[in-house]
Amino acid sequence: MSVILGQEQVGARSVEQTLRNIGPVVLLGPPGAGKGTQSKRITQHYRIPQVSTGDLLREHVKQGTPLGVQVRDLIARGELVSDHLVCDIVAWRLRETDAQRGFILDGFPRTAKQAVWLDSFLKFEFGDTGKWAAWLPIVVCIKVDYNKLLLRITGRRTCPTCGRIYNVHSQPPLVDEICDVDGSKLVTRDDDREEVIRERLDAYERQTKPVAEHYGRLGRVVEVNGDLPVDEVTASLIEAIDQGAHGAAGSS
Ligand code: AMP
């Protein structure tokens with residue numbers, strides 16, 4: 001009886017922990033660092049949405065919206081979409097009701113301008129609500145060795161139906177090039193092709209470093225070793241977010 005009661009108490013505590021307000025989280029890391037995989041895991045843990053600008057933009061391309069037509073070629077070439085277009089879709093997404101306890105930003109901000117825009121947007125939209133311990137984001141930076149990154153990106157395959165991500169080197173499907181879940185033929189994203197990868201890694205170095213430096217100066221960056229096994233990376237991220245969610249920086 002006491003054991004069952006104990007489990008219920010632990011269970012109740014962890015649900016409360018999971019469903020508390022987390023606030024904004026930014027996941028930084030070069031293409032192939034595992035941001036997509038880790039965002040999905042963190043999302044499930046805290047039950048807050050993942051907001052991936054890459055996914056939002058690809059959805060526009062898939063639907064053939066005017067924005068999608070405008071950005072299709074840029075994305076295929078691995079170049080960055082203009083700041084104002086990306087900031088607009090982020091603003092629209094973060095105002096949705098499911099983002100009010102917090103959200104994981106994946107792939108945004110990618111430039112110093114986007115970071116400055118995000119800070120003022122968060123302060124303006126959420127600064128006075130008192131919902132979160134801090135309106136400045138917790139910025140978690142996943143660090144991965146360059147050669148491992150190349151291997152990860154060239155091996156990445158995605159299921160076009162359910163979105164599950166595989167890697168032919170480290171997380172292969174049971175049957176070659178076929179999704180374990182729904183049997184769809186796996187695809188390589190256009191921008192994961194070798195000739196595009198170098199441009200994406202260069203763009204990351206050139207433009208995203210200032211984002212880490214910006215939040216570093218504000219004392220909001222935590223670095224996580226992305227070379228570790230997936231579960232260990234998730235555990236480190238959760239620890240970093242738990243600590244950051246209690247921080248008071250950016251609350252004024
Ligand atoms: P991702 O899936 O995050 O690697 O993004 C795929 C592509 O979408 C990038 O190579 C860019 O062309 C575009 N993109 C995604 N997020 C941004 C952003 N924050 N700023 C500019 N372009 C972006």
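We count ligands from 1, going down the list as the structure has it; atoms in each ligand are counted the same way.
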In the protein, what heavy atom is nearest to [atom], and what distance, to one decimal place, separates them?
atom: atom 4 (O) of ligand 1; result: R200 NH2, 2.8 Å
atom: atom 11 (C) of ligand 1; result: E79 O, 3.5 Å
atom: atom 22 (N) of ligand 1; result: V81 N, 3.0 Å
atom: atom 15 (C) of ligand 1; result: R110 NH1, 3.5 Å

- Message: Is R58 close enough to touch ligand 1? Criterion: a residue heavy atom under 4.0 Å from a ligand atom.
- Response: yes

Contacting atoms of ligand 1, where contact means under 4.0 angstrom from a heavy atom of [X]:
X: Q114; result: 18 (C), 19 (N), 20 (N), 21 (C)
X: L57; result: 8 (O), 13 (C), 14 (N), 15 (C), 23 (C)
X: F108; result: 19 (N)
X: T53; result: 15 (C), 16 (N), 17 (C), 19 (N)

- ILVMFWY network linking I238 to V140, side-chain heavy atoms under 4.5 angstrom: yes

- Item | Cluster link V81 to L105, ILVMFWY, side chain under 4.5 Å | yes

- Query: Would one find an N or O of G107, backbone or side chain, under 3.5 Å from an N or O of ligand 1?
  - Reply: yes

- Query: Between T208 and R110, do the side chains contain an N or O donor and an N or O acceptor separated by less than 3.5 Å?
  - Reply: no

- Message: Using a strict threshold of under 4.0 Å (side-chain N to carboxylate O), is an ion pair present between K209 and E205?
- Response: yes

- Task: Answer yes when D98 and R93 have at least one side-chain N-carboxylate O distance shorter than 4.0 Å, and no when they do not.
- Result: yes

- Message: Determine whether a donor-acceptor pair (N or O, by modelled atom type, separation under 3.5 Å) exists between the side chain of E79 and the backbone of I75.
- Response: no

- Is ligand 1 under 4.0 Å from a heavy atom in the side chain of R77, in the backbone, in both, or in neither? neither

- Note on the structure: Within the 4.0 Å heavy-atom cut-off, what V86 brings close to ligand 1 is side chain

- Query: How far apart are the closest heavy atoms of C159 and D182, and which atoms are they?
  - Reply: SG-OD1, 3.4 Å

- Query: Any idea how F121 and F126 line up, ring-wise: parallel (<30°), tilted (30 to 60°), or perpendicular (>60°)?
  - Reply: perpendicular

